[in-house]
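Here the structure is laid out as structure tokens; the discussion comes afterwards.
No experiment lies behind these values; they were computed from the predicted model shown. Positions are given from 1, in the same order as the sequence printed here. The basis for the numbers below is simple: all heavy atoms, side chains too, and nothing from hydrogens, waters or symmetry mates.
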Amino acid sequence: QVQLAESGGGLVQAGASLRLACAASGSTSIRHAMAWFRQAPGSEREFVAAINRRSGNTAYGESVKGRFTISRDNAKNTVYLQMNNLKPEDTAVYYCAADVNTILSHVPATEKEYDYWGQGTQVTVSS
């Protein structure tokens, strides 16, 4: 079992920055990939970013490329999402996810590849 706890959400103005953190506990492993997804009201869950904790390889959703950066601190079992130049359309609940069956340097980018999910943290960007 893996437990995931997100933090760092909040209310900011457009153009501001936020950093989300996801702390993993339980049966964590450096082999796991971790990711951020988000879901706005009335919308499907959307892939934001993912990182392979062993290789450091990353992947990003098209709407956040160049603005968001995912990173990890394996010693702390924590993954971060640095969000810069936030836009109102970034408003959503952001969820952390962990894939415990990651193969080699693969970076999963679909919901079905992830096994554990956090409760989510709200990010609201005002115009």
Side-chain angles (χ1 to χ4, degrees):
Q1 290 287 327
V2 175
Q3 293 79 44
L4 302 173
E6 303 100 333
S7 61
L11 170 63
V12 298
Q13 290 190 330
S17 298
L18 274 177
R19 189 176 80 154
L20 305 182
C22 174
S25 60
S27 301
T28 60
S29 168
I30 194 173
R31 296 173 299 173
H32 298 171
M34 293 181 68
W36 291 94
F37 289 77
R38 67 186 183 187
Q39 188 168 22
S43 300
E44 294 185 351
R45 195 172 294 188
E46 174 190 17
F47 171 71
V48 176
I51 188 165
N52 182 298
R53 292 182 62 194
R54 176 169 51 191
S55 68
N57 289 352
T58 59
Y60 293 92
E62 287 298 322
S63 62
V64 306
K65 280 183 179 178
R67 298 188 299 123
F68 291 10
T69 302
I70 190 170
S71 61
R72 90 287 197 199
D73 184 334
N74 288 338
K76 295 182 178 179
N77 285 322
T78 299
V79 170
Y80 303 96
L81 184 69
Q82 178 66 43
M83 305 186 293
N84 296 330
N85 190 24
L86 283 160
K87 304 176 181 180
E89 51 263 43
D90 294 318
T91 295
V93 177
Y94 284 70
Y95 296 93
C96 179
D99 169 22
V100 301
N101 298 302
T102 310
I103 299 174
L104 298 177
S105 298
H106 180 54
V107 185
T110 62
E111 281 190 68
K112 64 181 180 180
E113 295 179 273
Y114 287 89
D115 308 292
Y116 295 96
W117 295 81
Q119 294 297 309
T121 185
Q122 177 71 46
V123 173
T124 303
V125 184
S126 63
S127 57

Listed pairs under 3.5 Å, donor-acceptor, residues 6-15 side chains, sequence neighbours left out:
{"unit_1": "Glu6", "atom_1": "OE1", "unit_2": "Gln119", "atom_2": "N", "d": "3.1"}
{"unit_1": "Glu6", "atom_1": "OE1", "unit_2": "Gly120", "atom_2": "N", "d": "2.9"}
{"unit_1": "Glu6", "atom_1": "OE2", "unit_2": "Cys96", "atom_2": "N", "d": "2.8"}
{"unit_1": "Glu6", "atom_1": "OE2", "unit_2": "Gly120", "atom_2": "N", "d": "3.1"}

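- Ring orientation note: the planes of Trp117 and Phe37 are tilted relative to one another, at an angle of 30° to 60°.
- Side-chain contact between Asp90 and Met83 is absent, with no heavy atoms from C-beta onward closer than 4.5 Å.
- Here the NE2 atom belonging to His106 is positioned 10.5 Å from the CG atom belonging to Asn57, to the nearest 0.5 angstrom.
- When all heavy atoms of Cys22 and Met34 are compared, the closest pair comes out as SG-CE, 3.6 Å.
- Under the side-chain contact (heavy atoms from CB on, under 4.5 Å) criterion, Thr58 pairs with Ile51, Tyr60, Ile70, sequence neighbours left out.
- Partners of Thr110 by side-chain hydrogen bond (donor to acceptor under 3.5 Å, both in side chains), not counting sequence neighbours, listed by chain and number: Glu113.
- In this structure, Arg54 CZ and Asn74 CG are separated by 11.0 Å, a value rounded to the nearest 0.5 Å.
- Residue pairs that meet the side chain to side chain donor-acceptor pair (under 3.5 Å) test with at least one member in residues 39-50, sequence neighbours left out, are Arg38-Glu46, Glu46-Ser63.
- Between Thr102 and Asn52, some side-chain heavy-atom pair lies under the 4.5 Å cut-off.
- Between the OH atom of Tyr94 and the CG atom of Leu81 there is a distance of 7.5 Å, given to the nearest 0.5 Å.
- Note: His32 NE2 to Asn101 CG = 7.5 Å, rounded to the nearest 0.5 Å.
- Under a 3.5 Å cut-off, the side chain of Thr91 and the backbone N or O of Val125 do form a donor-acceptor pair.
- In the hydrophobic cluster analysis, where Ile, Leu, Val, Met, Phe, Trp and Tyr join through side-chain heavy atoms closer than 4.5 angstrom, Val100 is grouped together with Val79.
- Annotation: side-chain contact (heavy atoms from CB on, under 4.5 Å) contacts of Arg19 (sequence neighbours excluded): Tyr80, Gln82.
- Residues meeting the side-chain contact (heavy atoms from CB on, under 4.5 Å) test with Ala109, sequence neighbours left out: Phe47.
- Counting heavy atoms from C-beta outward, Tyr95 and Leu4 have side chains that stay 4.5 Å or more apart.
- A donor-acceptor contact shorter than 3.5 Å links the side chain of Tyr114 to the backbone of Pro108.
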